[in-house]
Amino acid sequence: MNKFRTIIYGVLASVFFSCAADGDKADPLLDYVDPFIGTGFHGHTFPGATLPFGMVQLSPDTHLYGWDASSGYHYEDSLIYAFSHTHLSGTGIGDLGDVALMPYSGDLGQTPVATFDKASEEASPGYYTVHLRNYDVAVELTTTLRVGMHRYQFGKSDERNVMLNLSHVLQSNWGNAITANRCTIIDAQTIEGVQRSTGWAHDHLVAYRIEFSEPVVKRKVLVDGKETEQSIIDSKDAQLHFSFAQSDEPLVVKVAISAVDPEGAEKNMKQELPGWDFDGTLSSAQNEWRNQLRQMTIETNDETIKTNFYTALYHSMMAPFIWQDVDGRYRGMDKQIHQAAEGEVNYTVFSLWDTFRAFHPLMTIINPEKASIWSEALVQKYREGGVLPKWPLVSNYTGTMVGYPAVSVLADAVAKGLAPNDLDAWLEAAVQSATWRPDIVERFKGTREAAVMPRHIYFKETLGWVPSDSVAEAVSYGLEMAYYDWCVAQIATAAGNTAVANEFKNKAAYFKHYFDAKSGLMRGKNYDGSWVTPFRPRYSSHEKSDYVEGNAWQWSFFTPHANDELIELYGSADRFEAMLDTLFTTDSTIEGEDASGDITGLIGQYAHGNEPSHHMAYLYNWTGAPHKVNERLDQIMRQFYLPEPAGIIGNEDCGQMSAWYVMSALGFYQVCPGDPTYTTGRPMVDKATIRVGEGQLQIIAHNNSAENMYVEKILLNGRQLEKPFFTHEQLMDGGTLEFFMSNKK
């Protein structure tokens, strides 16, 4: 953190805390959140203002094209094209960037592109500010759940202009495009509209209402590059420019968005932000973040760990975000308008293939109510669309990534008592989504959404394995579907359906088809049952090889539901340990001209920058060498999590990279969601307090330091753990978890 940012944070903190309740005044949590972490390298986060799981994620768009435009922002950029109201945090594909505004000075009607100095750019939870150098405009942003608030201070008091760019889109070079606009200038202070676009989300609709704190005195509307006097604009290519009277006072703008229609946006604004109090709105946003971050508090003398931890906790609350108006209406997966039932809330942006591993397990601890709501929201998407989603995005099936990971989230909710008593609908959704469905294939034929029902499922059911000479990414799909089928079996068991449970338990063993005893790795198999040759374990070809975003080394240890059975395939725990050693120490060369760019954060062939590796260091707890867990975790957390823009080693992926750090820094991790068991590791914090139920769990790491990375013993409520495992029930009962640290293995 540079000196300027430190000073600004100190000033902001004094403002925020003076507005908070008396008990909050000395609370420094927000000082340790740096929203710029992850905005460099390929972290793909954004620094703008939002609330926890909020619909509005208001941030500058500095990057419009290519992979690093996924969030619309990259730290190394020096231009700002707009401030838009929806973004994705840490994804590998870009979308959204809805309702784009830009203040500027000079001639009315130009297409403004702002320059800025990094020294003027600051961010903290719920707040963002920057000075537009070439226009001499100070921009401040804050937000409620569904309404973004802008405050513009113009240095040139007689040149106060704002552009609404209706043709703004992120990643147009990847096919993202505006498909329709209908914008209405209601009066001199109000604009309403509906915008549709296509991209990663095939058919995305967002409605909005914009209100200015003072009337427009002059306007220029450009449609297809030509000026028009129309008040109703219906065009894919339009810009609306507004000029305001000379004044030294700031101009304030409110933008409410809706998943349904302008009427919904108006209701959202009236309920959440009826007035014009920017400072009060900011104070409320900061208080909401403070309350959320207080669910976990830590103690450590290491400022880097504090910043990493609280920023990671912050980043774990970007998604899923609410996609429903205050009146309960939302647009469903069937593109129809639905009314949410009491207690139900529609959410979107479930990066399920990434987040089932650590994010969702973390939320079952600190946000169990939301974890339950999110699970039911996934089942509701099945009701609307006929299949559980993978990577649902603003009422669209994107079909992105592997298998049917929603069943992992459901199984974990069941295992932790967060599911309804009647599991019939959940089981139906799980079974139907794990079964080959030609009707779903036909329905989505020719679109990206067709991948929600991949052909790999057909081969799993007819052969037992996925043949490499028939479809790409066969091994990754085969391994993950084995785990997902185990998850279906867990739901069926809880639902009392023995026949379905037994069927899917059998399918859960299909991972054995890929195990090559000679190499000790998971290998591609052809339709006739022969091994794929030649076998190149370090080889990767993005979307074309046997492995998704990785290679054989990075996929061969994915049997979270059957680690003991995997060890049996190796013949002994010692050989399994030796293979893990090789994983972490072998040469880091990745072969292949088209190797996946997601393979980052390498230690040997372990790749922490992508999710398939995230559980692997903990697998030493299944061997006789748990001290190696401590060594690898210490290395990963110190090497790949840094308090700087490039401080996240791969795509943040909607909280997964950060949730991994939060749980690992506390000293435990859930290797197999659906099995409510945690395995222990190397805590980075000295003390932590976690709110659980009506009580708390206190974690103490005695004699903790960089040198003392090894765990001598662990006490849970005064009783020593015989093995490095404990249950979710024990965690939620609260009490004290004590780690006794040493420099000896």
**Q** Side-chain contact test, heavy atoms from C-beta onward, threshold under 4.5 Å: evaluate it for T559 versus M522 and give yes or no.
**A**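 Yes, their side chains come closer than 4.5 Å.
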**Q** For W486 and H561, take the angle between the two ring planes, folded into 0 to 90°, and tell me which bin it lands in: parallel under 30, tilted 30 to 60, perpendicular over 60.
**A**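 Judged by the thresholds at 30° and 60°, the geometry between W486 and H561 is tilted.
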**Q** Any chance NZ of K544 has more than 12 other-residue heavy atoms, nucleotides or ligands included, within less than 6.0 Å?
**A**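 Counting neighbours around NZ of K544, 12 or fewer heavy atoms of other residues, nucleotides or ligands fall under 6.0 Å, so no.
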**Q** Side chain of Q324, backbone of A340: donor and acceptor closer than 3.5 Å?
**A**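 No; zero donor-acceptor contacts below 3.5 Å.
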**Q** Decide salt bridge (charged side-chain N to carboxylate O under 4.0 Å, His left out) for K236 and D224; before the verdict, give the C-alpha distance in whole Å, the side-chain angles of both, and the deciding distance to 0.1 Å.
**A** CA-CA 8 Å; K236 293 184 288 186; D224 299 325; over 6 Å; no
**Q** Within the 4.5 Å heavy-atom criterion, are T39 and F46 side-chain neighbours or not?
**A**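 A side-chain contact under 4.5 Å is absent here.
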**Q** Between H85 and Y208, is the gap from one ring center to the other below 6.0 Å?
**A**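 For H85 and Y208, the ring centres are not under 6.0 Å apart.
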**Q** Any donor-acceptor pair under 3.5 Å linking the side-chain atoms of K416 with those of Q670?
**A**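 Short answer, yes.
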**Q** Are the side chain of N268 and the backbone of V326 linked by a donor-acceptor contact shorter than 3.5 Å?
**A**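 Side chain of N268 to backbone of V326, a donor-acceptor pair under 3.5 Å: yes, one is there.
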**Q** According to the interplanar angle, ranging from 0 to 90°, do the rings of W555 and F558 count as parallel (below 30°), tilted (30 to 60°) or perpendicular (above 60°)?
**A**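 Plane angle over 60°, so perpendicular.
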**Q** For the pair R538 and E591, evaluate salt bridge (charged side-chain N to carboxylate O under 4.0 Å, His left out) and give the outcome as yes or no after the intermediate values.
**A** CA-CA 6 Å; R538 289 182 172 84; E591 300 174 359; 5.3 Å; no
**Q** Taking the side chain as every heavy atom from C-beta outward, state whether N181 and D234 have any atom pair closer than 4.5 Å.
**A**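 In short, these two side chains do not touch, never coming nearer than 4.5 Å.
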**Q** Do the non-hydrogen side-chain atoms of F359 and P320 ever get within less than 4.5 Å of each other?
**A**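 In short, these two side chains touch, coming nearer than 4.5 Å.
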**Q** Report yes or no: does D325 contribute a side-chain atom to a donor-acceptor pair with the main-chain N or O of D327 at less than 3.5 Å?
**A**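 Such a contact is absent between D325 side chain and D327 backbone.
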**Q** For D439 and R443: C-alpha separation, side-chain torsions, deciding distance, then whether salt bridge (charged side-chain N to carboxylate O under 4.0 Å, His left out) applies.
**A** CA-CA 6 Å; D439 61 311; R443 173 182 162 192; over 6 Å; no
**Q** So, the side chain of D412 versus the backbone of S408: is there a donor-acceptor pair under 3.5 Å, distance only?
**A**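 Flag not set: sc D412 to bb S408 has no pair under 3.5 Å.
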**Q** Assert yes or no for the condition that the ring centre distance of Y404 to Y484 is strictly below 6.0 Å.
**A**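 For Y404 and Y484, the ring centres are under 6.0 Å apart.
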**Q** Name the orientation class of the two ring planes belonging to H513 and W465 (parallel below 30°, tilted from 30 to 60°, perpendicular beyond 60°).
**A**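 Ring orientation, 0 to 90° scale: tilted.
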**Q** Would you sort out whether F321 and Y347 count as a ring-ring contact (aromatic ring centres under 6.0 Å, His included), showing the intermediate values?
**A** CA-CA 5 Å; F321 60 71; Y347 282 83; 8.7 Å; no
**Q** Atom CD of residue position Q339 - does it have more than 12 heavy atoms of other residues, nucleotides or ligands inside 6.0 Å?
**A**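 Buried by this count: over 12 neighbours within 6.0 Å.
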**Q** Does any non-hydrogen side-chain atom of R196 lie less than 4.5 Å from one of H204?
**A**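 The answer is no; the side chains never approach within 4.5 Å.
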**Q** Would you say Y458 has more than 12 foreign heavy atoms packed within less than 6.0 Å of its OH?
**A**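 It does not: Y458 OH has 12 such atoms or fewer within range.
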**Q** With a cut-off of 6.0 Å (strictly less than), are more than 12 heavy atoms of other residues, nucleotides or ligands near CZ of R437?
**A**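 Count over threshold, so yes.
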**Q** I'd like to check L362 versus S316 (side-chain heavy atoms, cut-off strictly below 4.5 Å). Are they in contact?
**A**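 Contact flag for L362/S316 side chains = yes.
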**Q** For side chain to side chain contact (heavy atoms under 4.5 Å, CB included), just list the numbers for W391 and F350, CA-CA rounded to whole Å, side-chain angles, deciding distance to a tenth of an Å, and then say yes or no.
**A** CA-CA 5 Å; W391 238 118; F350 289 85; over 6 Å; no
**Q** Give a yes or no answer on whether the side chain of S395 reaches the backbone of R331 with a donor-acceptor pair at less than 3.5 Å.
**A**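 Side chain of S395 to backbone of R331: a pair is present.
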**Q** Report the C-alpha distance between Q554 and I590 in whole Å, list the side-chain angles of each, state the deciding distance to 0.1 Å, and finish with yes or no for side chain to side chain contact (heavy atoms under 4.5 Å, CB included).
**A** CA-CA 11 Å; Q554 290 138 23; I590 303 297; 3.8 Å; yes
**Q** With rounding to the nearest 0.5 Å, note down the distance linking CG in D98 to CE in M55.
**A**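 Going from the CG atom of D98 to the CE atom of M55 covers 11.0 Å.
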**Q** Of H74, H542, H44, which is the lone residue that meets ring-ring contact (aromatic ring centres under 6.0 Å, His included) with W67?
**A**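 Of the listed options, the one satisfying the test is H44.
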**Q** From I457 CD1 over to M481 CE, what is the distance, rounded to the nearest 0.5 angstrom?
**A**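 Result: 6.5 Å between the selected atoms.
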**Q** Between the side chain of H87 and the main-chain N/O of Q57, is any donor-acceptor distance below 3.5 Å?
**A**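 The answer is yes, because a donor-acceptor pair under 3.5 Å joins these two groups.
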**Q** Side-chain contact test, heavy atoms from C-beta onward, threshold under 4.5 Å: evaluate it for N526 versus S468 and give yes or no.
**A**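 The answer is yes; the side chains approach within 4.5 Å.
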**Q** Side chains of M401 and K390: does their closest heavy-atom pair fall under 4.5 Å?
**A**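 The answer is no; the side chains never approach within 4.5 Å.
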**Q** Any side-chain to backbone donor/acceptor pair from S476 onto V548? Under 3.5 Å, distance only.
**A**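 Side chain of S476 to backbone of V548, a donor-acceptor pair under 3.5 Å: yes, one is there.
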**Q** Would you check if the side chain of T447 reaches a backbone N or O of F444 as a donor-acceptor pair within less than 3.5 Å?
**A**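 Between the backbone of F444 and the side chain of T447 there is a qualifying donor-acceptor contact (under 3.5 Å).
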**Q** Can you tell me how far the CG atom of L88 sits from the OG atom of S351, to the nearest 0.5 Å?
**A**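 Interatomic distance, L88 CG to S351 OG, rounded to 0.5 Å: 9.5 Å.
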**Q** Would you say the rings of H456 and F459 are close, in the sense that their centroids are separated by under 6.0 Å?
**A**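 Centroid distance F459-H456: not below 6.0 Å, so no.
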